[in-house]
Amino acid sequence: MQQLISPLGAPVADPSDLESLATVYAYPDQVNRGRPWLRANMVSGLDGGARLDGLSEGLSSDADKRIFGVLRALSDVVLVGAETVRAEGYRPARARREFAAARAAAGQSPAPAIAIVSRSLDFDLGAPLFTEPLVRTVVITVEDAAEERRREVAEVADVVLAGRGSVDLRAGVAALVERGWTRLLTEGGPRLLGQLAAADLLDELCLSLAPLVTGGDAPRILRDAQMPDVQRMRLVSLIEQKGFLFTRYLRHPGSETP
């Protein structure tokens, strides 16, 4: 069984169709007026664990991967933490033939850029993420990062300096928006998502819920999030396929970032 329902329970689209999914997950019109929108795409088990055997892959499904691809295809830039880049073996985003015309019409590059948040700059600069991207990878780091390492990274990626001691995510996101990248997508991991939520930057959460109880010590989808207050969200769509639930929540009216 697979179906897409509205919060009121009425079928609205075919979840196996990429065009239907693109319509359901379309960014709000504000992105066309220069106002950014940051959505997160995460997966968890029924007990809240964001990883299985150390990776998110074990919690995924065919439908989850299809939605993952659509969300990337709609975005300008994918924001991800260095820990996730290392653990998940991140590669450059690829161009999708099915979305080529729509991206061109919207003035987007053939594929989204990948922007990595890292204080230590500890990653393999010979990896495809730095040697084979369609759009040059961006690294957001701190002003006091080791100067020699910063120079090495700058040879293969665009370096954005944001904050001292820890990355200032508001400044980092603003630097991405200055490039015209208003359709922002983060794939975490949990620590980065927690920091984005704590900075009041999260506009939307697309959460895939796997029908698994995993136990163990896997982190929740928001890790160590020092939230100043509870952020209210509202459900706007729900897909079910083979027991997996694919939810989409938006920031609740009245709690917009000033």
Side-chain angles (χ1 to χ4, degrees), residues 1-9 11-18 20-25 38-75 78-81 83-91 93-94 96 112 114 184-197 202-225 227 230-251:
M1 177 184 182
Q2 61 180 38
Q3 60 178 327
L4 175 59
I5 62 175
S6 74
L8 299 178
V12 294
D14 176 4
S16 65
D17 181 72
L18 293 180
S20 293
L21 288 174
T23 299
V24 169
Y25 286 100
L38 176 63
R39 69 164 37 132
N41 183 29
M42 299 291 287
V43 62
S44 81
L46 294 176
D47 52 341
R51 296 173 184 156
L52 183 61
D53 297 328
L55 299 173
S56 61
E57 172 70 23
L59 299 169
S60 189
S61 67
D62 289 343
D64 179 54
K65 293 172 182 175
R66 189 180 307 121
I67 293 171
F68 175 94
V70 168
L71 295 183
R72 277 199 168 193
L74 295 175
S75 70
V78 179
L79 188 63
V80 63
E83 182 179 351
T84 297
V85 167
R86 291 189 293 266
E88 304 279 354
Y90 257 59
R91 298 182 63 84
R94 62 187 180 90
R96 299 284 299 273
I114 303 292
L184 299 114
L185 169 67
T186 182
E187 296 167 352
R191 182 172 283 109
L192 176 60
L193 181 56
Q195 293 168 347
L196 288 166
L202 183 64
D203 295 303
E204 177 180 338
L205 174 62
C206 299
L207 175 62
S208 300
L209 192 62
L212 302 172
V213 177
T214 63
D217 59 356
R220 297 163 56 189
I221 63 167
L222 274 75
R223 187 173 188 174
D224 302 330
M227 302 285 291
V230 173
Q231 181 170 330
R232 297 179 61 199
M233 308 290 284
R234 59 188 177 94
L235 180 67
V236 294
S237 70
L238 175 65
I239 297 172
E240 184 277 335
Q241 185 184 64
K242 298 180 180 179
F244 285 81
L245 296 178
F246 306 98
T247 67
R248 183 181 181 217
Y249 288 90
L250 305 187
R251 183 189 290 268

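Side chains are part of it too, since the values below use all heavy atoms of this structure and drop only hydrogens, waters and symmetry mates. These numbers come from a predicted model, not from an experiment. We number each residue from 1, following the sequence as shown.
Rounded to the nearest 0.5 angstrom, Asp64 CG and Ser208 OG are separated by 3.5 Å. We find the CZ-CG distance between Arg66 and Asp17 to be 9.5 Å, quoted to the nearest 0.5 Å. Note that CZ of Arg39 and CG of Leu71 are 5.5 Å apart. Values are rounded to the nearest 0.5 Å. Here the CG-CD1 distance, from Leu207 to Ile221, works out to 5.0 Å after rounding to the nearest 0.5 Å. For the atom pair Phe68 CZ and Phe246 CZ, the distance stands at 13.5 Å (nearest 0.5 Å). To the nearest 0.5 Å, atoms CG (Leu222) and CD (Gln231) are separated by 9.0 Å.
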Less than 3.5 Å apart, which donor and acceptor atoms pair up between the side chains of residues 188-196 and the rest of the protein, not counting sequence neighbours?
{"unit_1": "Arg191", "atom_1": "NH1", "unit_2": "Glu83", "atom_2": "OE1", "d": "2.7"}

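No more than 12 heavy atoms of other residues, nucleotides or ligands shown are found within 6.0 angstrom of CZ on Arg220. Atom CG of Asp47 has more than 12 heavy atoms from other residues, nucleotides or ligands within 6.0 Å.
Between the Asn41 side chain and the Glu187 main chain, no donor and acceptor come within less than 3.5 Å of each other. Between the side chain of Thr186 and the main chain of Ala40, no donor-acceptor pair closer than 3.5 Å is present. Arg72 places no side-chain N or O within 3.5 Å of a backbone atom of Leu185 that could act as its donor or acceptor partner.
You'll find the side chain of Leu209 reaches within 4.5 Å of the side chain of Leu46, heavy atoms only. With a 4.5 Å cut-off on side-chain heavy atoms, Ile67 and Leu21 count as touching. Counting heavy atoms from C-beta on, the side chains of Leu79 and Leu184 never come closer than 4.5 Å.
Here the shortest heavy-atom pairing between Ala218 and Gly49 reads CB-CA, 4.1 Å. Residues Ser237 and Val24 approach most closely at OG-CG1, 3.9 Å, considering heavy atoms.
Using a 4.0 Å cut-off between charged nitrogen and carboxylate oxygen, Glu204 and Arg248 count as a salt-bridge pair.
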| Step by step, would you call Leu74 with Tyr25 a side-chain contact (heavy atoms from CB on, under 4.5 Å)? | CA-CA 8 Å; Leu74 295 175; Tyr25 286 100; 3.9 Å; yes
